[in-house]
2 protein chains.
Amino acid sequence: MTTHTLFHTIHQLSRELTKQVNDTLQPFGLYSAQWAVLFVLKTKGSMSQSALCEYLAVEAPPMTRTVQRLAKQGYVGQTPGEDKRVKVIHLTEKAQQAYPEWEQAVLSMNDRLLECVPEEQRVFMQSMLNEWLGKMKGDLHE
Amino acid sequence: MTTHTLFHTIHQLSRELTKQVNDTLQPFGLYSAQWAVLFVLKTKGSMSQSALCEYLAVEAPPMTRTVQRLAKQGYVGQTPGEDKRVKVIHLTEKAQQAYPEWEQAVLSMNDRLLECVPEEQRVFMQSMLNEWLGKMKGDLHE
DNA sequence: TCCAATTAGTTTCCTAGGTAACTATTGTAG
DNA sequence: CTACAATAGTTACCTAGGAAACTAATTGGA
């Protein structure tokens, strides 16, 4: 087996999944990158922008853009922290209220996309891919 | 297990892999999208631009850009086909000559990235991910 | 204490990919 | 034969992400 195939498959899967998320959230005027931020803020609570970056493994510049767009749409607020450099991002009331609808759309999409993959395989894939990713990123710190 | 985690892991893996390819090919002035095209042309032979799109599962506009940049660098040529709409893309002598060096760099990168993943798991991942992708894309045609 | 190094965030510019609208050519039905 | 549909590629504009250079604030060391 050529390794090219594996890399290509992963790349293609990634593109297809974000496309699906975008299609699902389009009726709400949201994009996949925005959803990722909203999801983290909802499940983990308010946090600084850099914490969001670390959690989502994304560099600072794209996060600035995503947060600013969410702020413009009125879904997040940026309150200055005790350290005057940091901006603590939190969901607004508007976002809290709309969230269940968004979540329901995403969850049903997930079910649809994964209904053909047995639970057992899902867990297996997740653990293998995650372990691989961890080793790849870990090796870079040496 | 939440499905978000699986999606996020795949997305992150995809980004990390293309980043690695970019770093590997930077000394040669090439980017991952260009490499994908060069690799296909080398292994499958000359083909039309739309055939490249289908093979790499990419839309036409990005392919136009990638091919044009490769042409500007002198690595591919575009000869009009019998059908005057199509452009048949082929590797130039310059690319044929440089290819082994590129390939060697990419192959050693692959080895480095996959050395911590046993062959058995590699095959397993590939087959599961590919099957999933196929079902996802197949379901869309109904 | 005060200056240097670090950190949070932003700006600018790059690659990668997608959608919509367009041109030019080829096929096809009437 | 002609008009209309389909196809190959391009152009313009969008999201997503990364690297480098920058500003402002904080921390640490001489």
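For clarity, every value in this text was computed on a predicted model and none was experimentally measured. Note on naming: letters A, B, ... go to the chains in the order of the sequence lines (proteins, then strands), and numbering restarts at 1 for each one.
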Nearest-nucleotide 5' precedence on DNA chain C, B/Arg85 against A/Lys87 | A/Lys87

5' precedence on DNA chain D between A/Asn22 and B/Lys19 (nearest-nucleotide basis) = A/Asn22

Kindly assign one of parallel, tilted or perpendicular to the pair B/Trp102 and B/Tyr99, based on the angle between their ring planes and the thresholds 30° and 60°.
-> perpendicular

Contacting residues from residues 24-34 of chain B, given that a heavy atom lies under 4.0 angstrom of DNA chain C | B/Tyr31, B/Ser32, B/Ala33

Nucleic acid contacts of residues 37-57 of chain B, taken as heavy-atom distances under 4.0 Å to DNA chain D | B/Ser48, B/Gln49, B/Ser50

How close do B/Leu114 and B/Arg122 get, heavy atom to heavy atom, and via which atoms?
-> O-NH2, 3.3 Å

In numerical order, the residues of residues 58-70 of chain B whose heavy atoms come under 4.0 Å of DNA chain D are B/Ala60, B/Pro61, B/Thr64, B/Arg65, B/Gln68

Nucleotide range of DNA chain C contacted by chain B, 5' to 3', under 4.0 Å to a heavy atom?
-> C/dT15 to C/dT26

Can you name the residues that form a side-chain hydrogen bond (donor to acceptor under 3.5 Å, both in side chains) with B/Thr18, not counting sequence neighbours?
-> none

Please indicate whether A/Gln26 has more than 12 foreign heavy atoms, meaning atoms of other residues, nucleotides or ligands, lying under 6.0 Å from its CD.
-> no

Go through B/Gln97 and B/Leu91 one step at a time and tell me if the side-chain contact (heavy atoms from CB on, under 4.5 Å) criterion holds.
-> CA-CA 10 Å; B/Gln97 199 175 345; B/Leu91 291 180; over 6 Å; no

Can you sort out the partners of B/Asn130 under side chain to side chain contact (heavy atoms under 4.5 Å, CB included), two or more places apart, ordered by chain and number?
-> A/Thr9, B/Gln126

A/Glu131: partners by side-chain hydrogen bond (donor to acceptor under 3.5 Å, both in side chains), with sequence neighbours left out | A/Lys135

Under 4.0 Å from any heavy atom of chain A: name the first and the last nucleotide of DNA chain D that qualifies, 5' to 3'.
-> D/dT15 to D/dT26

Treating Ile, Leu, Val, Met, Phe, Trp and Tyr as nodes and any side-chain heavy-atom pair under 4.5 angstrom as an edge, say whether B/Met109 and B/Tyr31 lie in one connected cluster.
-> no

Strictly by modelled atom types, are B/Glu16 and B/Gln20 linked by a side-chain donor-acceptor pair under 3.5 Å?
-> yes

Please tabulate, one pair per line, all N/O donor-acceptor pairs under 3.5 Å involving side-chain atoms of residues 73-80 of chain B, not counting sequence neighbours.
{"from": "B/Gln73", "atom 1": "OE1", "to": "B/Gln34", "atom 2": "NE2", "distance (Å)": "2.6"}
{"from": "B/Gln73", "atom 1": "NE2", "to": "B/Gly29", "atom 2": "O", "distance (Å)": "3.1"}
{"from": "B/Thr79", "atom 1": "OG1", "to": "B/Val88", "atom 2": "O", "distance (Å)": "3.4"}

What pairs with B/Thr64 under side-chain hydrogen bond (donor to acceptor under 3.5 Å, both in side chains), at least two apart in sequence or on another chain?
-> B/Gln49

Sorted by chain and residue number, the salt bridge (charged side-chain N to carboxylate O under 4.0 Å, His left out) partners of B/Asp83 (sequence neighbours excluded) come out as B/Arg85

Does B/Tyr55 have any side-chain hydrogen bond (donor to acceptor under 3.5 Å, both in side chains) partners at least two apart in sequence or in another chain, and if so, which?
-> B/Lys44

Is any side-chain heavy atom of B/Val106 closer than 4.5 Å to a side-chain heavy atom of A/Phe7?
-> no

Under a 4.5 Å cut-off applied to non-hydrogen side-chain atoms, are A/Trp132 and B/Met125 in contact?
-> yes

